[in-house]
> 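Input: one structure, supplied below.
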Amino acid sequence: MALAFCGDEGNSTAYNVDHGVLNNGCFVDALNVVPHVFLLFITFPILFIGWGSQSSKVHIHHSTWLHFPGHNLRWILTFILLFVLVCEIAEGIVSDGVSESRHLHLYMPAGMAFLAAITSVVYYHNIETSNFPKLLIALLFYWTLAFITKTIKFVKFCDNGVGFSQLRFCLTGLLVVLYGMLLAVEINVIRVRRYVFFKTPKEVKPPEDLQDLGVRFLQPFVNLLSKGTYWWMNTFIKTAHKKPIDLKTIGKLPIAMRALTNYILLNEAFEAQKNKRPSSPQGSGSIWRALCCAFGRPLLLSSTFRILADLLGFAGPLCISGIVHNVGKGNNTIRPQVLPVLDLAGMELTFPTVAHIVLNLILFLSANNISSIFQTKIYNKIMQLSTSNMSMGEMTAGQICNLVAIDTNQLMWFFFLCPNLWAMPVQIIVGVLLLYYLLGISALIGAAVIIVLAPVQYFVATKLSQAQRSTLEYSNERLKKTNEMLRGIKLLKLYAWEHIFHSSVEETRQKEMTSLKSFALYTSISSKFFSFLIHCSAKGLKADFSPSVAFASISLFHILVSPLFLLSSVVRSTVKALVSSFCNCNFRNNADALLVLPPIPVISAFLFFSQPLKVVNRKRPAREDWNNYTTHTSRPINITEPDDFCVKITNGFFTWTPEGPPALSNIDIRIPQGQLTMIVGQVGCGKSSLLLAILGEMQKISGTVSWKCQEWEPKKRGSVAYASQKPWLLNATVEENITFESSFNKQRYKAVIDACSLQPDIDILPHGDQTQIGERGINLSGGQRQRISVARALYQQTNVVFLDDPFSALDIHLSDHLMQEGILKMLREDKRTVVLVTHKLQYLPHADWIIAMKDGYIQREGTLKDIQKSETELFEHWKTLMNRQDQELEKTTIETKTVLERTNLRRTMYSREALLKDDEEDEEEATESDDEDNLSSVLHQRAKMPWRACGKYLSAAGILLLPLLVLSQLLKHTVMVAIDYCLARWTSDVFNHSPYSKVFSILCCLGIVLCLVTSIAVEWTGLKVTKKLHASLLNKIILAPMRFFETTPLGSILNRFSADCNTIDQHIPATLECLSRSTLLCVSALAVISYVTPMFLIALVPLAIMCYFIQKYFRVASRDLQQLDDSTQLPLLSHFSETVEGLTTIRAFRYEAKFRQKLLEYTDSNNIASLFLTAANRWLEVRMEYIGACVVLIAAVTSITSCLYSKLSSGLVGLGLTYALMVSNYLNWMVRNLADMEIQLGAVKRIHGLLKTEAENYEGLLCKCSFKGCWFISSFPYRGEIQIQNLSVRYDSNLKPVLKHVNAHISPGQKIGICGRTGSGKSSFSLAFFRMVDTFEGRIIIDGIDIAKLPLQTLRSRLSIILQDPILFSGTIRFNLDPEKKCTDSMLWEALEIAQLKHVVKALPGGLDAIVTEGGENFSQGQRQLFCLARAFVRKTSIFIMDEATASIDMATENILQKVVMTAFADRTVVTIAHRVHTILNADLVIVMKRGLILEYDKPEVLLEQEDSVFASFVQADK
């Protein structure tokens, strides 16, 4: 028709304007060019002039960055406009091909419109980032003109009878609508911003985040194109390649994504739910309703985009069908194929953009926000936990960390996967319908297979879930045992119990490996069902199917595999999230107001409810009934007591658990204001409990606790400086631990350091008081930890100070100095109220008020004179304990200024430096050292791909599995390509189907078998490697010398067993399999395309170069971000565990708000790292998708060209296009898996670094085979005679000696006392007997045998020692006393009676089988030390060593123990190392040590007679 064409023929009627200019098609098309030319001429000069300015570049000035109204709608409409214009151009080209002449007006206006649309959006972006809206007037004119001209064209189409049957009519109508909507958007900008036609334009500031230059995460603020392509990440990725990424590089989190913002948002939603449903219970349903209210909108929007993206994904198979169908017709013209090719490329280019906008909305608006919200809410409830929950074993720090790390993660992953719940079923239904459209009734075979396999898949998924749950349970149990083993490693070595705990850990590991094998097997089976599905469906095709149908169907099956396989995982994730929300809800609802936690503890990722551990309080013996607690007569209160007091408890009854009996009963006390109050009493009488009851940490049954500040305020108190009996330290610097969130005052800080005698310790630290204290103060001695804890209490400017047994880990000189300079001078002289719990009765004369406790009630309170008058018997008892001869009880102090050595700490620091020097000499050892756990070193480890670690991992698989793994992978992918090639040939051969059918069936069966073999080979390789590495690591660690544990942080070793073993167990095999599969699939896909169309190789070169540089830049950034994500998560989890352990201290100081603020900072730091990591992954994915789209476009064009000119079969065209569609996905996963593998292989490197640790020499020189050697070993030691000859020992070969030329002789049965200042070598002396230190000169001879010649196991098993730090293991009392199971019950009861614990254990349910919680937390510190004494008594060896073993025991119990030791062990050699010198006055010999030398060596009475005796001065100071 004349209107449709306007060529260059001379007689064409298309140039006729007799019926009006507007009725001429050429003129209307020419008119449509005018607006586009206008825009290009107007905008290009502005863009050219402004192009060099900073505002038009990628890096934008934050101060002018602002989105105009309708920003997102404008970008969406522009994208749609560009797509429609591409279709119009394609339609014009196809229409132009009908005649021989060219009709430019058919596609030239559309081409100009395309250029103008791109120019308009570039122009708009520059104006927007410059915040100069007046220049938008050009776009207003453009949209108006374009709308008018396109409307004229559309009206003329209608006048000439062109309708919906014509594609041109539909496209023109769409363009009219789009230009009209863009015009409306432009008018709306004028209406809102008032930049023209109004007198006063509206001034709008950029978002608050952009005014802060610290915000670097720009995803919420950039335009839609940059959001979809992550263009704003380009600068970041390039910068990451030049220098390491750290927290400063990634900056702050935007305000809308911060934990506090989202916490407030969800809280408001919760309150709204409560107001709507005031009567309904607040359960897990309320959580979901609040979450939907707060985050439902972005979730709904993202779900809509997800479904849209999935539907667009089906365009590829349909386009393949169209192209192959047209090629198969033998049409020799190229133009009919152009439209489907362009459609295919267009869909491939549009799909990733939409998909990644979806992921952006899900990940950045929902998942991380929700995770941070729940972490914050859990932390707030932790702050309200009852102390009894922790000490009674009902809730451990590990369980709370699981709640934080796992349950919140489950909820986060649910919101990430939530849209799949409804998007995947839609995708499956649409896929099946399209298959039915292509195949007809044959498609129902595939659907039938899906239905049949659904129950099988559910069964396998259930088994997978069970296997993973049991794996996690066994893993937790193994880690718990490993943790206890490492914490008590010194005790295990001294008692030669390594094999017991080694066997226990190995036994649990075997159970874990069994679960891992089940998991591997079911994983292998589950991933093969869909290969079988595709095989059966392909077999069900009609006998006369065509290539177009075959390859479109295969592409559809490839699309359907993912949703079918992942749907069960999504459902499981949903169930986990529901359970997690229920557990979170239980935790929050039941932790209020210091109540006991619910009886359903949260355990693991799969969260199956378990019965709680039945634990009772053993800090106080259980009573038969409560009546026994009320029978004590009330103590008469002195009417003359002063009214000026700080705390008053009236008729108080306190308990640890609501069901249990009172631990404190009938408490009536008054603590004077501004005075020093001391609380004394025997071990386990309730002294520490009384402090906790005053602080509100115990549950009150009855009575009142009143605090007095200015006026009476019952149940209210201010900040209390509290130093607990077990020192609690932050994982921070020494200075930060002492100042403890308070402002720094240099003068006060120095005074506190001097009072606590910390300056000598600080001087030898590597960085002084800026040295980082490790986890739980792991790199400090017990006394140093105690003094830093006390220093914190002294530094605070609080009116009240509580000190719980601060002298327990200090020698007499440090105790005296702390008492005089710290407590008396700094605290009492400042009129501060001080409550001191102590066993050192020699300090009682300094007390203004004394509270004596016994069996959980107040025995007496008053001044020392009051007690002397009214409680003569008690006063005389104290005098006896203090070894006083006079009645004045006045303390004589010896002012001696000595430089105290800190050998233990110096040893640790020197050893650490020596290790670092050794590592520097090794080339690759540096990266394998444990310093990688340090944040700064981790971020700067930017080595190349760790091929050596990969080789070590694979070599550990063995000589059989490794070739099987490689060959099976290669064979599997070869067979897969052969199957598709066979299908291509089969569908092209329309005459003979029989041979192809047989070959196809054989190849499919072989492919399924190889898939199963490959998967099993990968999993079994992983299992064999992890089993070998864990066994080697455990053997090396448990046999390592003690100096290794002193110089290596415990957390670092434990991370090897937990995080690194978990990585090797579960992550590396999966990543290795995925990496090999995606790499081989990508290579095979490119090989097939190149085989089908060799011309593709020309285009492959630039694409390969581009892909190489993208992955190179991505891997560097991804590695840094992954390590940053991990390293920011550790402080977050550490903060939770620190808070749980120091809950009492934090609440005493009233520092809850400060610690909540720290949590928000840690959470935001972790979230920003996580967001950047996710953004980097999306950045890569987008670029791989676009490279894949280019591959599809090039493959389609070259295939069609080859088909037309080289007579290529349509089957091979379909084969090439089918593979091309999958390339982008393979490329993306290949690069991501490569980056993941690089990070995960770091675990292998770190474990191999520890495997190089030298073990102790356990072999002895004495020949076990000889009769004489056997007799010696079996009876050693039979007398207990010790000869020390010229002994010199050191802790390492490159350290100074700690004992120098020591000579001594100890006769059988003698009782030896060793004393000396801190660091004099006392403990080193005792460790030398066990060969725990390096004896480089001299020897120790016991009963005539040089101990250096004895097997280490034999030596240590025949000696007994009690350490200063009490160590108990979780289990039973029987296990703690006799883990070797060699003793009878009567022997155990005898040892408990000696240790004064028989009455305590008898009162417990189960007696010897009563439960001991982790670390013995359900016993007091003193009781734990008594248990350790009983453990040593059980062994009944000839030589018995006590290393300051009674530091936490009251004097009365200690005196009883000393007498028992002297009588019960009359025939044994006893070596006692003492802080309290009076405990060794009855010894046969006394050794006084100083700086590794024996200063004095004689009987105590002889030394006391000498005036200048150091021992005499010690005794005098101890009075």
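Here the structure is a predicted model, which means the values were calculated and not measured. Residues take their numbers from the sequence shown, with the count starting at 1.
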> Answer yes or no for Arg193 and Phe68: cation-pi contact, defined as NZ/CZ to six-membered ring centre under 6.0 Å and angle to ring axis within 45°.
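So Arg193 doesn't make the cation-pi contact.
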
> Could you check whether Tyr1113 and Trp1179 have their ring centres less than 6.0 Å apart?
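No, the ring of Trp1179 stays outside the 6.0 Å limit from the ring of Tyr1113, centre to centre.
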
> Check for a donor-acceptor pair, side chain of Ser226 on one end and backbone N or O of Asn223 on the other, with a separation under 3.5 Å.
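Between the backbone of Asn223 and the side chain of Ser226 there is no qualifying donor-acceptor contact (under 3.5 Å).
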
> Within the 4.5 Å heavy-atom criterion, are His125 and Leu225 side-chain neighbours or not?
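No, too far: nothing below the 4.5 Å cut-off.
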
> Verify, without hydrogens or angle tests, whether Thr261 (side chain) and Met257 (backbone) share a donor-acceptor contact under 3.5 angstrom.
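Absent.
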
> Quick one: are Phe169 and Phe154 in side-chain contact, heavy atoms under 4.5 Å?
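Sidechains of Phe154 and Phe169: in contact.
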
> Checking Asn262 side chain against Ala256 main chain: does a donor-acceptor pair fall under 3.5 Å?
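Yes, because the side chain of Asn262 sits within donor-acceptor range (under 3.5 Å) of the backbone of Ala256.
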
> Please round to the nearest 0.5 Å and tell me the distance separating atom CG of Leu224 and atom CG of Leu73.
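Reported to 0.5 Å precision, the distance equals 10.0 Å.
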
> Using 0.5 Å steps for rounding, measure from the CD atom of Glu91 to the CD atom of Gln166.
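Reported value, rounded in 0.5 Å steps: 8.5 Å.
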
> Taking the six-membered ring for Trp, are Tyr142 and Phe38 closer than 6.0 Å centroid to centroid?
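No, the ring centres sit 6.0 Å or more apart.
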
> With rounding to the nearest 0.5 angstrom, report the OH to OG1 distance, Tyr179 to Thr151.
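It is 11.0 Å, given to the nearest 0.5 Å.
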
> Just so I know, are the side chains of Ile1110 and Ile1187 near enough to count as touching, which here means a heavy-atom distance under 4.5 Å?
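A side-chain contact under 4.5 Å exists here.
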
> Looking at His241 and Ile237, would you say the former's side chain and the latter's main chain have a donor-acceptor pair under 3.5 Å?
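No; judged by distance alone, with no hydrogens or angles, the pair does not exist.
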
> Can you confirm whether Glu88 sits close enough to Arg168 that some side-chain heavy atom of one is under 4.5 Å from a side-chain heavy atom of the other?
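When only atoms from C-beta onward are counted, Arg168 and Glu88 do not touch, as no gap falls below 4.5 Å.
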
> Any side-chain heavy-atom pair from Leu183 and Leu140 closer than 4.5 angstrom?
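Yes, at least one pair of side-chain atoms sits under 4.5 Å.
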
> CG/Leu178 to CG/Leu85 distance, rounded to the nearest 0.5 angstrom?
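If we round to the nearest 0.5 Å, Leu178:CG and Leu85:CG are 8.5 Å apart.
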
> Would you say that Leu182 contacts Arg74 through its side chain, given a criterion of any heavy-atom pair below 4.5 Å between the two side chains?
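Result yes, sub-4.5 Å side-chain heavy-atom pair found.
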
> If we count only N and O atoms by modelled type, under 3.5 Å, do the side chains of Glu128 and His71 hold a donor and an acceptor together?
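Side-chain D/A pair, Glu128 to His71: present.
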
> Drop me the distance from Leu135's CG to Ile42's CD1, to the nearest 0.5 angstrom.
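Taking CG in Leu135 and CD1 in Ile42, the distance rounds to 11.0 Å.
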
> I'd like to know whether the aromatic ring centres of Phe1172 and Phe236 sit less than 6.0 Å apart in this structure.
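Yes, they do, as the ring centres are separated by less than 6.0 Å.
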
> Out of Leu115, Leu139, Thr43, which one pairs with Ser120 under the side-chain contact (heavy atoms from CB on, under 4.5 Å) rule?
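It is Leu139, the one option of Leu115, Leu139, Thr43 that forms the side-chain contact (heavy atoms from CB on, under 4.5 Å) with Ser120.
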
> Could you tell me the separation between the OG1 atom of Thr119 and the CZ atom of Phe41, rounded to the nearest 0.5 Å?
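Reported value, rounded in 0.5 Å steps: 12.0 Å.
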
> Could you check whether Asn234 and Arg1183, counting side-chain N and O atoms only, form a donor-acceptor pair closer than 3.5 Å?
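Note: Arg1183 and Asn234 side chains meet the donor-acceptor criterion.
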
> I'd like to know if the side chain of Arg216 reaches the main chain of Lys248, judged simply by a donor and an acceptor atom lying under 3.5 Å from each other, with no hydrogens or angles considered.
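Indeed, once roles are kept as given, a pair shorter than 3.5 Å links the two residues.
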
> Are the side chains of Phe314 and Gln427 in touch, meaning some heavy atoms are under 4.5 Å apart?
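They are in contact (side-chain heavy atoms under 4.5 Å apart), so the answer is yes.
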
> Any idea which heavy atoms bring Leu81 and Ala117 closest together, and the distance?
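Minimum heavy-atom contact is CD2-CB, 3.8 Å.
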
> Are Leu1121 and Ile250 side-chain neighbours, meaning at least one heavy-atom pair lies under 4.5 Å?
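Side chain of Leu1121 against side chain of Ile250, heavy atoms only: contact under 4.5 Å found.
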
> Work out which heavy atom in Ala116 is nearest to a heavy atom in Leu39; give both atom names and the distance.
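Where Ala116 meets Leu39 most closely, the heavy atoms are O-CD2, 3.3 Å.
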
